[in-house]
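Order of the sequence lines fixes the chain letters, A, B, ..., with proteins taken first and strands second; residue numbering starts at 1 for each chain. Just so it is clear, the model here is predicted, and its values are computed rather than measured.
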Amino acid sequence: MKIGYPCINESLDCTSSRTFRLASYTEERLIETVEQNLACLRRILEYNVQHGLLFFRLTSGLVPFASHEVNKYNWQEHFKMTFRRLGSYIRNNNMRISMHPDQFVVLNSPNEQTVKNSIAELVYQGSVLDLMGLDTTAKLQIHGGGAYGDKASALSRFSEVYHTMLPDAVKARLCVENDDRTYSLRDCLYLHDLTGMPIIFDNLHHECVNNGEPMREAVEMAAATWQPERDGILMMDYSSQALGERKGRHTQSIQEQLFHDFLIETEGLDMDIMLEIKDKEDSALKALKLAQALGRA
DNA sequence: GCGTGTCAAGACCTC
DNA sequence: GAGGTCTTGACACGC
(Lines give C-alpha, C1' and ligand atoms only; values in the text may rest on other atoms or scores of the structure.)
Protein backbone atom coordinates (compact mmCIF):
# COMPACT_ATOMS: atom_id res chain seq x y z
CA MET A 1 0.00 0.00 0.00
CA LYS A 2 1.21 3.45 -0.95
CA ILE A 3 -0.02 6.59 0.74
CA GLY A 4 -0.08 10.02 -0.84
CA TYR A 5 -1.69 13.41 -1.27
CA PRO A 6 -2.70 15.63 -4.18
CA CYS A 7 -0.82 18.33 -6.06
CA ILE A 8 0.41 20.71 -3.37
CA ASN A 9 3.12 20.41 -0.76
CA GLU A 10 2.72 22.94 2.02
CA SER A 11 6.15 22.36 3.58
CA LEU A 12 8.00 23.59 0.52
CA ASP A 13 8.17 27.18 -0.64
CA CYS A 14 7.27 26.48 -4.25
CA THR A 15 4.23 25.49 -6.27
CA SER A 16 4.10 23.28 -9.35
CA SER A 17 0.97 25.03 -10.62
CA ARG A 18 2.16 28.55 -11.24
CA THR A 19 0.13 30.21 -13.93
CA PHE A 20 -0.69 33.57 -15.47
CA ARG A 21 -3.65 35.28 -17.08
CA LEU A 22 -4.72 34.33 -20.56
CA ALA A 23 -4.48 38.02 -21.43
CA SER A 24 -0.76 37.99 -20.63
CA TYR A 25 0.01 34.83 -22.60
CA THR A 26 3.33 34.78 -24.41
CA GLU A 27 5.57 31.89 -25.37
CA GLU A 28 8.33 33.24 -23.13
CA ARG A 29 5.96 33.41 -20.20
CA LEU A 30 4.79 29.87 -20.88
CA ILE A 31 8.30 28.44 -21.07
CA GLU A 32 9.43 30.26 -17.95
CA THR A 33 6.38 29.11 -15.98
CA VAL A 34 6.61 25.47 -17.05
CA GLU A 35 10.31 25.48 -16.17
CA GLN A 36 9.52 26.66 -12.66
CA ASN A 37 6.62 24.24 -12.28
CA LEU A 38 8.71 21.24 -13.29
CA ALA A 39 11.56 22.32 -11.02
CA CYS A 40 9.13 22.54 -8.12
CA LEU A 41 7.61 19.18 -9.03
CA ARG A 42 11.08 17.67 -8.78
CA ARG A 43 11.46 19.08 -5.27
CA ILE A 44 8.04 17.78 -4.23
CA LEU A 45 8.85 14.31 -5.54
CA GLU A 46 12.13 14.33 -3.63
CA TYR A 47 10.34 15.38 -0.46
CA ASN A 48 7.85 12.55 -0.98
CA VAL A 49 10.57 9.94 -1.45
CA GLN A 50 12.41 11.16 1.64
CA HIS A 51 9.22 10.88 3.67
CA GLY A 52 7.97 7.57 2.30
CA LEU A 53 4.96 9.07 0.53
CA LEU A 54 4.94 7.05 -2.68
CA PHE A 55 1.60 8.04 -4.17
CA PHE A 56 1.17 11.50 -5.68
CA ARG A 57 -1.28 13.37 -7.87
CA LEU A 58 0.30 15.72 -10.40
CA THR A 59 -1.47 19.05 -10.74
CA SER A 60 -3.34 19.75 -13.97
CA GLY A 61 -1.63 23.14 -13.99
CA LEU A 62 1.90 21.94 -14.81
CA VAL A 63 1.58 23.43 -18.30
CA PRO A 64 -0.72 26.50 -18.26
CA PHE A 65 -3.24 26.63 -21.12
CA ALA A 66 -1.91 23.30 -22.37
CA SER A 67 -5.18 22.39 -24.08
CA HIS A 68 -6.20 25.93 -24.96
CA GLU A 69 -6.11 27.03 -28.58
CA VAL A 70 -3.89 30.00 -27.67
CA ASN A 71 -1.10 27.55 -26.95
CA LYS A 72 0.53 26.53 -30.21
CA TYR A 73 3.95 25.99 -28.71
CA ASN A 74 5.56 22.55 -28.86
CA TRP A 75 6.21 22.35 -25.12
CA GLN A 76 6.29 18.55 -25.39
CA GLU A 77 9.47 18.76 -27.45
CA HIS A 78 10.96 21.65 -25.47
CA PHE A 79 10.62 19.87 -22.11
CA LYS A 80 11.08 16.30 -23.36
CA MET A 81 14.25 15.66 -21.39
CA THR A 82 12.94 17.25 -18.20
CA PHE A 83 9.81 15.09 -18.31
CA ARG A 84 11.91 12.03 -19.01
CA ARG A 85 14.16 12.69 -16.01
CA LEU A 86 11.15 13.23 -13.76
CA GLY A 87 9.70 9.96 -15.01
CA SER A 88 12.94 8.09 -14.34
CA TYR A 89 12.99 9.45 -10.80
CA ILE A 90 9.39 8.31 -10.30
CA ARG A 91 10.08 4.83 -11.67
CA ASN A 92 13.37 4.40 -9.83
CA ASN A 93 11.63 5.19 -6.57
CA ASN A 94 8.65 3.00 -7.33
CA MET A 95 6.11 5.81 -6.98
CA ARG A 96 2.49 5.68 -8.13
CA ILE A 97 1.16 8.68 -10.04
CA SER A 98 -2.26 10.00 -10.97
CA MET A 99 -3.77 13.13 -12.47
CA HIS A 100 -7.29 14.47 -11.94
CA PRO A 101 -8.71 16.70 -14.68
CA ASP A 102 -11.12 19.08 -13.00
CA GLN A 103 -14.82 19.85 -13.32
CA PHE A 104 -14.54 21.21 -16.85
CA VAL A 105 -13.80 17.79 -18.27
CA VAL A 106 -17.24 16.36 -19.07
CA LEU A 107 -17.31 13.58 -21.63
CA ASN A 108 -21.08 13.21 -21.71
CA SER A 109 -21.96 16.88 -22.16
CA PRO A 110 -24.63 17.54 -24.80
CA ASN A 111 -22.43 20.44 -25.90
CA GLU A 112 -20.11 19.21 -28.63
CA GLN A 113 -17.51 21.89 -27.93
CA THR A 114 -17.36 20.95 -24.25
CA VAL A 115 -16.68 17.34 -25.24
CA LYS A 116 -13.94 18.43 -27.65
CA ASN A 117 -12.31 20.62 -25.01
CA SER A 118 -12.55 17.77 -22.53
CA ILE A 119 -10.82 15.36 -24.86
CA ALA A 120 -8.07 17.90 -25.58
CA GLU A 121 -7.51 18.26 -21.83
CA LEU A 122 -7.34 14.49 -21.38
CA VAL A 123 -4.87 14.22 -24.26
CA TYR A 124 -2.69 16.86 -22.57
CA GLN A 125 -2.72 15.19 -19.19
CA GLY A 126 -2.15 11.75 -20.68
CA SER A 127 0.77 13.10 -22.68
CA VAL A 128 2.45 14.34 -19.50
CA LEU A 129 2.42 10.78 -18.17
CA ASP A 130 3.53 9.46 -21.57
CA LEU A 131 6.41 11.95 -21.78
CA MET A 132 7.52 10.77 -18.36
CA GLY A 133 7.58 7.24 -19.71
CA LEU A 134 5.20 5.96 -17.05
CA ASP A 135 3.32 2.73 -17.71
CA THR A 136 -0.50 2.48 -17.69
CA THR A 137 -0.67 2.03 -13.93
CA ALA A 138 -0.38 5.85 -13.86
CA LYS A 139 -3.96 7.01 -14.21
CA LEU A 140 -6.24 9.84 -15.25
CA GLN A 141 -9.19 10.19 -12.94
CA ILE A 142 -12.47 11.79 -13.97
CA HIS A 143 -16.09 11.81 -12.85
CA GLY A 144 -19.14 10.60 -14.74
CA GLY A 145 -20.15 14.15 -15.65
CA GLY A 146 -23.63 15.65 -15.69
CA ALA A 147 -26.97 13.80 -15.68
CA TYR A 148 -29.02 16.38 -17.59
CA GLY A 149 -32.23 15.03 -16.16
CA ASP A 150 -31.75 11.67 -17.87
CA LYS A 151 -28.93 9.70 -16.38
CA ALA A 152 -29.47 6.63 -18.58
CA SER A 153 -28.90 8.68 -21.74
CA ALA A 154 -25.98 10.49 -20.15
CA LEU A 155 -24.33 7.16 -19.33
CA SER A 156 -24.70 5.83 -22.85
CA ARG A 157 -23.42 9.12 -24.27
CA PHE A 158 -20.33 8.69 -22.08
CA SER A 159 -19.83 5.22 -23.48
CA GLU A 160 -20.26 6.38 -27.06
CA VAL A 161 -17.72 9.18 -26.67
CA TYR A 162 -15.36 6.73 -24.99
CA HIS A 163 -15.54 4.25 -27.83
CA THR A 164 -15.66 6.61 -30.80
CA MET A 165 -13.65 9.70 -29.85
CA LEU A 166 -11.00 8.93 -27.24
CA PRO A 167 -7.46 8.12 -28.39
CA ASP A 168 -6.08 4.78 -27.19
CA ALA A 169 -3.41 6.60 -25.19
CA VAL A 170 -6.15 8.21 -23.08
CA LYS A 171 -8.28 5.07 -22.80
CA ALA A 172 -5.29 3.15 -21.47
CA ARG A 173 -5.17 5.48 -18.45
CA LEU A 174 -8.73 6.65 -17.93
CA CYS A 175 -10.57 5.81 -14.71
CA VAL A 176 -13.92 6.93 -13.35
CA GLU A 177 -14.46 7.96 -9.74
CA ASN A 178 -17.77 7.86 -7.88
CA ASP A 179 -18.85 11.41 -7.07
CA ASP A 180 -20.79 12.89 -4.17
CA ARG A 181 -24.09 13.65 -5.85
CA THR A 182 -24.73 12.16 -9.30
CA TYR A 183 -22.72 9.07 -10.19
CA SER A 184 -22.70 6.46 -7.44
CA LEU A 185 -20.50 3.39 -7.25
CA ARG A 186 -23.29 1.45 -8.96
CA ASP A 187 -23.34 3.94 -11.85
CA CYS A 188 -19.57 3.67 -12.14
CA LEU A 189 -19.82 -0.13 -12.22
CA TYR A 190 -22.25 0.24 -15.10
CA LEU A 191 -19.75 2.51 -16.89
CA HIS A 192 -17.08 -0.06 -16.21
CA ASP A 193 -19.23 -2.71 -17.90
CA LEU A 194 -19.62 -0.46 -20.92
CA THR A 195 -15.99 0.60 -21.24
CA GLY A 196 -13.68 -1.54 -19.11
CA MET A 197 -12.46 1.54 -17.21
CA PRO A 198 -11.30 0.81 -13.67
CA ILE A 199 -13.11 2.57 -10.83
CA ILE A 200 -11.30 4.88 -8.42
CA PHE A 201 -13.15 4.56 -5.16
CA ASP A 202 -13.87 7.57 -2.96
CA ASN A 203 -15.04 6.63 0.52
CA LEU A 204 -16.51 10.02 1.45
CA HIS A 205 -18.43 10.30 -1.81
CA HIS A 206 -19.70 6.79 -1.20
CA GLU A 207 -21.00 7.89 2.18
CA CYS A 208 -22.84 10.75 0.43
CA VAL A 209 -24.38 8.70 -2.41
CA ASN A 210 -24.73 4.91 -2.39
CA ASN A 211 -27.06 2.01 -2.88
CA GLY A 212 -26.56 0.49 0.52
CA GLU A 213 -23.24 -1.24 -0.14
CA PRO A 214 -21.27 -1.57 3.11
CA MET A 215 -17.84 0.08 2.93
CA ARG A 216 -15.73 -3.06 2.69
CA GLU A 217 -17.96 -4.55 0.04
CA ALA A 218 -17.83 -1.30 -1.94
CA VAL A 219 -14.02 -1.28 -1.86
CA GLU A 220 -13.97 -4.90 -3.03
CA MET A 221 -16.31 -4.14 -5.93
CA ALA A 222 -14.19 -1.21 -7.08
CA ALA A 223 -10.98 -3.23 -6.69
CA ALA A 224 -12.37 -5.97 -8.92
CA THR A 225 -12.51 -3.51 -11.85
CA TRP A 226 -8.70 -3.19 -11.90
CA GLN A 227 -6.70 -5.53 -14.15
CA PRO A 228 -3.49 -5.95 -12.15
CA GLU A 229 -1.10 -6.30 -15.11
CA ARG A 230 -2.53 -3.31 -16.99
CA ASP A 231 -3.84 -1.03 -14.22
CA GLY A 232 -2.01 -2.00 -11.06
CA ILE A 233 -3.89 -2.20 -7.78
CA LEU A 234 -6.91 -0.13 -6.77
CA MET A 235 -6.39 3.58 -6.32
CA MET A 236 -8.69 5.28 -3.87
CA ASP A 237 -9.34 8.74 -2.50
CA TYR A 238 -9.80 8.88 1.23
CA SER A 239 -11.32 11.69 3.23
CA SER A 240 -13.72 12.22 6.09
CA GLN A 241 -16.52 14.65 6.65
CA ALA A 242 -15.67 18.13 7.95
CA LEU A 243 -17.68 18.33 11.17
CA GLY A 244 -20.52 20.84 11.15
CA GLU A 245 -20.02 21.58 7.45
CA ARG A 246 -21.99 20.79 4.33
CA LYS A 247 -22.24 17.08 3.56
CA GLY A 248 -19.27 15.95 1.49
CA ARG A 249 -16.94 18.70 2.57
CA HIS A 250 -13.42 17.45 3.23
CA THR A 251 -11.99 17.67 6.71
CA GLN A 252 -9.21 20.15 7.42
CA SER A 253 -6.98 17.55 9.01
CA ILE A 254 -7.08 13.76 9.19
CA GLN A 255 -9.29 12.24 11.87
CA GLU A 256 -6.88 9.51 12.84
CA GLN A 257 -9.34 7.22 14.59
CA LEU A 258 -11.59 7.15 11.51
CA PHE A 259 -8.67 6.34 9.21
CA HIS A 260 -7.54 3.63 11.59
CA ASP A 261 -11.07 2.18 11.55
CA PHE A 262 -11.09 2.27 7.75
CA LEU A 263 -7.82 0.33 7.61
CA ILE A 264 -9.21 -2.26 9.98
CA GLU A 265 -12.38 -2.55 7.93
CA THR A 266 -10.42 -3.12 4.72
CA GLU A 267 -7.86 -5.49 6.20
CA GLY A 268 -6.35 -7.81 3.60
CA LEU A 269 -7.33 -5.62 0.63
CA ASP A 270 -4.44 -4.09 -1.31
CA MET A 271 -4.78 -0.50 -2.55
CA ASP A 272 -3.01 2.84 -2.86
CA ILE A 273 -4.63 5.63 -0.86
CA MET A 274 -4.70 9.33 -1.71
CA LEU A 275 -5.54 11.52 1.28
CA GLU A 276 -7.87 14.22 -0.04
CA ILE A 277 -7.47 16.33 3.03
CA LYS A 278 -6.83 20.02 3.17
CA ASP A 279 -3.57 19.98 5.08
CA LYS A 280 -2.00 17.75 2.44
CA GLU A 281 1.30 16.02 3.33
CA ASP A 282 0.74 16.62 7.03
CA SER A 283 -2.23 14.26 7.09
CA ALA A 284 -0.60 11.91 4.60
CA LEU A 285 2.33 11.47 6.99
CA LYS A 286 -0.01 10.69 9.88
CA ALA A 287 -1.88 8.21 7.68
CA LEU A 288 1.39 6.58 6.66
CA LYS A 289 2.33 6.05 10.32
CA LEU A 290 -1.05 4.49 11.06
CA ALA A 291 -0.78 2.18 8.05
CA GLN A 292 2.77 1.18 8.98
CA ALA A 293 1.73 0.41 12.55
CA LEU A 294 -0.84 -2.04 11.17
CA GLY A 295 1.70 -3.57 8.78
CA ARG A 296 -0.19 -2.29 5.75
CA ALA A 297 2.43 0.05 4.28
C1' DG B 1 3.39 44.85 1.10
C1' DC B 2 -1.37 43.67 1.60
C1' DG B 3 -6.28 42.97 0.50
C1' DT B 4 -9.36 41.41 -2.74
C1' DG B 5 -11.76 40.73 -7.16
C1' DT B 6 -11.09 37.68 -10.73
C1' DC B 7 -9.61 33.77 -13.52
C1' DA B 8 -10.25 29.10 -19.91
C1' DA B 9 -13.19 25.78 -19.09
C1' DG B 10 -19.30 23.11 -16.34
C1' DA B 11 -23.35 21.60 -13.91
C1' DC B 12 -26.99 22.49 -11.15
C1' DC B 13 -30.06 25.04 -8.14
C1' DT B 14 -32.86 29.03 -6.93
C1' DC B 15 -35.27 32.94 -8.07
C1' DG C 1 -32.47 33.93 -18.22
C1' DA C 2 -29.55 35.70 -14.49
C1' DG C 3 -26.97 34.83 -10.76
C1' DG C 4 -25.16 32.12 -6.96
C1' DT C 5 -22.84 27.86 -5.35
C1' DC C 6 -19.62 24.20 -5.56
C1' DT C 7 -14.28 24.49 -4.80
C1' DT C 8 -10.25 26.82 -4.67
C1' DG C 9 -5.18 28.40 -5.49
C1' DA C 10 -2.91 31.94 -7.54
C1' DC C 11 -2.62 36.10 -10.37
C1' DA C 12 -2.67 40.89 -10.72
C1' DC C 13 -4.57 45.17 -9.81
C1' DG C 14 -5.41 48.96 -6.61
C1' DC C 15 -4.30 51.11 -2.55
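- The side-chain ring of A:Phe104 is not stacked on the base of B:dG10, judged by centre separation under 5.5 angstrom and plane angle under 30 degrees.
- When heavy atoms are screened at a 4.0 angstrom cut-off, A:Phe65 is found touching base atoms of the nucleic acid.
- Across all strands shown, B:dG3 is found opposite C:dC13 as a Watson-Crick or G-U wobble partner, with both distances under 3.5 Å.
- Electrostatic pairing of A:Arg173 and A:Asp130 counts as a salt bridge here, judged by a charged N lying under 4.0 Å from a carboxylate O.
- Within the 3.5 Å criterion, the main-chain N or O of A:Glu267 finds a donor-acceptor partner in the side chain of A:Arg216.
- When the C1' atom of B:dC12 is taken as reference, atom NZ of A:Lys151 falls 14 Å away, rounded to whole Å.
- Atom NE2 in A:His143 sits roughly 13 Å away from atom P in B:dC12 (whole-Å rounding).
- Within the 4.0 Å cut-off from OP1 or OP2 of C:dA10, not a single side-chain nitrogen or oxygen of A:Thr19 is found.
- For A:Asp272 and A:Lys139, the salt-bridge test fails: no basic side-chain N is under 4.0 Å from an acidic carboxylate O.
- A distance of about 13 Å separates the P atoms of B:dT6 and C:dG3, rounded to the whole Å.
- Of the listed nucleotides (C:dC6, B:dC12, C:dA10), B:dC12 has the atom at the smallest distance from the side chain of A:Ala147.
- For the pair A:Glu112 CD and B:dG10 P, the interatomic distance rounds to 15 Å; values are reported in whole Å.
- Contact annotation for A:Ser118: no contact, since no heavy-atom pair falls under 4.0 Å across all strands.
- In terms of phosphate contacts, A:Arg18 brings a side-chain nitrogen or oxygen within less than 4.0 Å of OP1 or OP2 of C:dC11.
- Taking 4.5 Å as the limit, some side-chain heavy atom of A:Ser60 sits within range of a side-chain heavy atom of A:Glu121.
- Comparing the same atom, P, in C:dG9 and in B:dA11 gives a spacing of 23 Å after rounding to whole Å.
- Rounding to the nearest 0.5 angstrom, the gap separating the NZ atom in A:Lys116 from the CG atom in A:Asn111 is 10.0 Å.
- One atom, CD of A:Gln113, and another, C1' of B:dA8, lie 12 Å apart when rounded to the nearest Å.
- The A:His68 side chain lies nearest to B:dA8 when the options are B:dA11, B:dG10, B:dA8.
- Among the atoms of the strands shown, only primed sugar atoms or phosphate atoms (P, OP1, OP2) are found under 4.0 Å from some heavy atom of A:Lys278.
- Taking atom CG of A:Asp179 as the reference point, atom C1' of B:dG10 lies 13 Å away to the nearest angstrom.
- Side chain of A:Glu121, nearest nucleotide from C:dA12, B:dA9, B:dC12: B:dA9.
- One interatomic measurement links the two molecules: CG of A:Asp150 to P of B:dA11, which rounds to 15 Å at whole-angstrom precision.
- Taking the P atom of each, C:dA12 and B:dA8 are spaced 10 Å apart, rounded to whole Å.
- Using a 4.0 Å cut-off between a side-chain N of Lys or Arg and a carboxylate O of Asp or Glu, A:Asp13 and A:Arg43 qualify as a salt bridge.
- Shown here, B:dA8 forms no base pair; nothing in the strands shown gives a Watson-Crick or G-U wobble contact with both key distances under 3.5 Å.
- Per the geometry, CZ belonging to A:Arg181 stands 7 Å off P belonging to B:dC13, to the nearest Å.
- Using a 4.0 Å heavy-atom cutoff across all strands shown, A:Thr15 reaches sugar-phosphate atoms only and no base atom.
- Applying the 4.0 Å criterion to OP1 and OP2 of C:dA12, one finds that A:Arg29 has a side-chain N or O inside that range.
- Comparing the same atom, P, in B:dG5 and in C:dG4 gives a spacing of 13 Å after rounding to whole Å.
- Taking the nucleotide of DNA chain C with the nearest heavy atom to each of A:Ile8 and A:Ser24, the more 5' of the two is matched to A:Ile8.
- The separation between A:Arg21 atom CZ and C:dG14 atom P is 14 Å, rounded to whole Å.
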